[in-house]
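Structure, as structure tokens:
The sequence lines fix the lettering, A, B, ..., with proteins before strands; numbering per chain opens at 1. Because the structure is a prediction, the values reported are computed rather than measured.
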Amino acid sequence: MPQEYVIFLLDDGVYPDSLNQNRFYKKIPQNAIFEQICMDATLNCDQREAVNTLSGPLLVLAGAGSGKTRVVTVRIAKLIDTGISPRRILAMTFTNKAAQEMQKRIASMISTHRENQPEISTFHSLCVRILRRQIHNLGYPNNFSILDASDQNSICRKVLREIRVSDASLKPRDLLYHIGQWKSRGISPKIATRDADTDREHLAAVAFRRYQDELTRCGTVDFDDLLLLTSVLFRDYPEVRENEADRFDHILVDEYQDTNDIQYSIVKSLSQKHRNLCVVGDDDQSIYGFRGSDVRHILNFASDWPGAKTIRLEANYRSTEAILEVSNRLIRFNANRYDKVLKAARAGGQKPRIEQFGDEEHESKQVVTSIRRDLESNGRQPSDIAILFRTNEQPRLFETELRKFDIPYVLLGSHSFYDRKEIKDLVAYLRVIHHADDEPSMRRIINNPPRGISANSVSALVEIATQRGVSLWQVMLDNEALQTLKVPARMSIRNFIETIRSLQQTFSENLELSTFHSFLSAIQYKKEVLRNSEDEAETEQRWASVEEMANVFGAYLGRKRKPTLESFLEEIALAESDFDDDKDDQLDRNAVALLTLHASKGLEFPVVYMVGLEEGLLPHGRAVAAEGPAIDEERRLAYVGVTRAQDELTLSLSLTRRKWGRVQEQNPSRFLFEMIGQADNPHDAVVKRETETTNH
DNA sequence: CAAAGCCGTTTTTTT
DNA sequence: AACGGCTTTG
């Protein structure tokens with residue numbers, strides 16, 4: 001067989017020194033060398049086994065910092081090395097970042113023909129691709145648009161208003177949460193209604209039905225639908241399922257502890273035939289329960305897949321022994337888990353510090369002072385340092401403080417770019433241009449900039465639309481329906497329809513950067529920006545967002561061989577394109593990272609500051625109120641945080657904190673006591689009793 | 001119909 | 001403290 005693939009290693013990892021010295025094994029012909037380099041020299045025996053177990057169901061229980069990413073990528077390389085065609089391999093990740101990272105790493109080990117790459121994608125983008133081809137089976141339009149969080153919220157609000165639910169009994173946010181939970185478990189409105197225990201839940205279930213009808217009416221789907229509809233498609237259309245399943249011989253799921261029921265069923269559908277399913281994850285790092293992830297999937301893997309092999313990676317190459325000791329002690333407080341104890345490959349190390357401050361301002365000042373010390377006298381680079389926090393309100397103070405001393409920083413993970421008003425407006429326009437039935441977007445722009453279509457007129461039309469079960473756009477096109485409005489409003493709507501139509505024309509004719517600019521002038525957006533700004537500085541700032549949007553568009557056009565408005569919007573909705581390129585650049589350009597604990601998963605930093613270790617914040621107040629498993633998840637979150645640190649870890653807390661303008665007393669987090677061994681561990685008690693009895 | 005001003009709520013985490 | 005929705009005013 002001609003060797004199409006070339007393998008070489010440029011991966012930083014835990015190589016023995018001898019290997020590190022000449023680690024640019026460029027384009028070494030494979031086989032023997034591959035064995036030698038990847039198998040013997042650079043992997044420990046557990047890792048080697050995980051890489052070598054190429055067929056059948058396999059569970060890799062990878063502890064924090066155990067070299068999971070390397071195992072995954074080397075395993076894929078190995079599969080290809082044994083002659084499996086790359087395109088027959090599917091690797092699923094949960095974030096786009098992880099997918100890109102994996103792609104990059106594999107590309108650094110193996111060069112394959114660009115038409116013949118392993119498919120590495122998130123669940124969401126995989127499902128979008130399937131749905132674009134197949135969703136007509138379920139009666140949705142193929143050009144469905146994807147709802148973002150704020151659209152979801154406004155639909156929830158509308159639905160609740162319609163069924164006259166007062167805000168006090170069920171808030172849009174709560175409804176959204178319920179819907180998310182239901183959808184991630186594949187529960188339909190009907191079943192939700194039937195199984196509702198409380199009045200509140202019943203109400204939510206009724207609203208759920210309406211919400212879903214509303215989506216169908218607008219020809220849109222939400223994030224959860226992408227997965228849910230795919231699983232429905234697989235269930236009801238076996239030929240579709242087989243078609244998709246037949247595309248792959250090997251499936252790999254990263255971060256398996258984060259799968260929800262739907263993702264689980266999709267994975268199962270795709271791999272039940274060949275059973276070559278490798279899942280990798282760490283039950284101790286399951287932190288997405290709030291969006292339906294269920295640790296039980298990883299805990300039950302062995303019984304789900306008879307004959308499955310389990311491999312534990314318990315050596316930790318990331319953190320020092322001192323840090324790991326604290327981490328291990330903390331996570332042992334959780335009950336339902338695989339009992340694994342990470343062993344430090346790096347002995348000794350500095351003990352984690354705990355620092356307590358009077359208020360959150362002092363906390364931020366001191367942390368930044370300490371960061372300055374790291375930079376000035378301890379020889380650290382800004383990019384060596386991370387500040388981790390629980391909620392997104394926390395970083396503000398740290399930002400101001402860092403800015404004060406001109407320390408470069410990046411605030412990671414917040415989608416702030418797409419939260420800006422200008423961006424939202426422009427995206428809404430583009431969505432309407434692409435798919436005028438997209439009602440949430442339509443409502444956003446219909447009178448923005450003001451063009452004489454009042455809110456009253458809009459709601460009158462929406463009412464008709466709801467009654468008829470068609471979209472707002474359909475009603476706007478209906479002359480008869482327009483008769484209910486006053487003449488000026490009618491005229492304005494006709495003008496607006498013309499504007500949209502001509503824009504649709506413009507965008508369908510040619511898609512280039514200039515299209516975007518003529519679009520901006522067509523809607524006179526500059527004027528709108530001016531109108532909304534108090535002063536020149538604000539205008540400038542707002543217009544900068546608009547220009548950035550143009551850049552994103554331009555970058556997209558440059559990247560795609562066959563650009564379409566549809567795929568551009570899709571990238572935005574799934575945040576697929578790394579619009580954070582800028583941020584990554586900054587990260588490369590050496591900046592302190594500020595990120596939530598959730599966003600920190602999978603990353604590592606030599607120096608970590610974990611801040612706000614207080615009851616009510618970590619564990620979060622809601623979790624404290626809910627008790628039980630919710631607290632366990634918070635503990636895992638804390639565990640994820642401490643295991644990010646390679647060399648130095650500082651845990652800090654503030655004894656008071658301002659919330660909604662009021663100063664509140666705070667207590668140190670229970671996790672702190674657990675970490676330093678000043679809390680009783682029920683699980684230790686069990687172990688102790690057992691040893692006592694055996695002794696007697 | 002648009003702008004200004006008042007009121008009440010809000011924040012857990014994300015694809 | 002800050003933002004969004006609603007009401008009043010121009």
### Message
Just the rounded figure in Å: distance from P of B/dT15 to NZ of A/K601.
### Response
11 Å
### Message
With a 4.0 Å limit, can you tell me whether A/N96 has a side-chain N or O closer than that to the phosphate oxygens OP1/OP2 of B/dT15?
### Response
no
#### Entry: Spacing of A/Q263 atom CD relative to B/dT14 atom P, expressed in whole Å
16 Å
#### Entry: Side-chain N,O (A/N392) to OP1/OP2 (B/dT14) below 4.0 Å
yes
### Message
If you only use heavy atoms from C-beta on, which nucleotide in B/dT15, C/dG5, B/dT11 is closest to the side chain of A/R173?
### Response
B/dT11
### Message
If you only use heavy atoms from C-beta on, which nucleotide in B/dC1, B/dT11, B/dT14 is closest to the side chain of A/S454?
### Response
B/dC1
#### Entry: Between B/dT11 (C1') and A/E634 (CD): distance, integer Å
13 Å
### Message
Cation-pi check for A/Y556 against A/R559: NZ or CZ below 6.0 Å from the six-membered ring centre and within 45 degrees of the axis, yes or no?
### Response
no
### Query
Think A/T95 has a side-chain N or O under 4.0 angstrom from the OP1 or OP2 of B/dT14?
no
### Test of ring centre spacing under 6.0 Å for A/H124 and A/F223
yes
### Message
Given B/dT11, B/dT14, B/dT15, identify the nucleotide with an atom nearest to the side chain of A/H620.
### Response
B/dT11
### Query
Between A/E360 and A/K659, does at least one N-O distance fall below 4.0 Å, as a salt bridge requires?
no
### Message
If you compare every side-chain N and O of A/N447 against the phosphate oxygens of B/dA2 (OP1, OP2), does one of them come in below 4.0 Å?
### Response
yes
### Task
Give a yes/no verdict on base stacking between B/dT13 and A/F290: centres under 5.5 Å, planes within less than 30° of parallel.
yes
### Nearest-neighbour nucleotide for the A/R622 side chain, C/dG5, B/dT11, B/dT15 considered
B/dT11
### Message
Return whichever of A/G452 or A/H598 has its heavy-atom-nearest nucleotide of DNA chain B closer to the 5' end.
### Response
A/G452
### Message
Heavy atoms from C-beta onward define the side chain here; which of B/dA2, B/dC1, C/dG5 lies closest to that of A/R157?
### Response
C/dG5
### Message
What is the separation between atom CZ on A/R657 and atom C1' on B/dT10, rounded to the nearest whole Å?
### Response
17 Å
### Query
For the rings on A/F290 and A/H598, is their centre-to-centre separation under 6.0 Å?
yes
### Query
With a non-hydrogen cut-off below 4.0 angstrom, is A/F94 in contact with a base, only sugar-phosphate, or nothing?
sugar-phosphate
### Query
What integer distance in Å separates A/D174:CG from B/dT9:C1'?
13 Å
### Task
Scan A/N456 against the nucleic acid and name what it touches under 4.0 Å (heavy atoms): base, sugar-phosphate only, or nothing.
nothing
#### Entry: Nearest-angstrom distance from the residue atom CG of A/L176 to P of B/dT11
12 Å
### Task
Go through C/dA2, B/dT11, B/dT13 for me and flag the one nearest to the A/T596 side chain.
B/dT13
### Message
Closest-nucleotide mapping onto DNA chain B: is A/R451 or A/L637 further toward the 5' terminus? I mean the 5' end.
### Response
A/R451
### Task
Could you please name the option among B/dT14, B/dA3, B/dT11 that lies closest to any side-chain atom of A/Y288?
B/dT14
### Query
With sugar-phosphate meaning primed atoms plus P, OP1 and OP2, does A/R658 contact a base, only sugar-phosphate, or nothing at under 4.0 Å between heavy atoms?
nothing
### Query
What nucleotide, of B/dA2, B/dT15, B/dT11, holds the atom closest to the side chain of A/T122?
B/dT15
### Message
Rounded to whole Å, how long is the line connecting atom CD of A/Q100 with atom P of B/dT15?
### Response
12 Å
## Note on the structure
Per atom distances to the A/T391 side chain, the nearest of B/dT14, C/dA2, B/dT13 is B/dT13
### Message
Side chain of A/E393, heavy atoms from C-beta onward: which of C/dA2, B/dT11, B/dT15 has the nearest atom to it?
### Response
B/dT11
### Task
Considering only NZ, NE, NH1 and NH2 on the basic side and carboxylate oxygens on the acidic side, decide whether A/E361 and A/R657 come within less than 4.0 Å.
no
### Message
Any salt bridge linking A/R658 with A/D359? Criterion: basic side-chain nitrogen under 4.0 Å from a carboxylate oxygen.
### Response
no
### Message
Can you measure A/D258 atom CG to B/dT13 atom P for me and round it to whole angstrom units?
### Response
17 Å
### Query
On the ring face of A/F144, is A/R132 found with NZ or CZ under 6.0 Å from the centre and within 45° of the axis?
yes
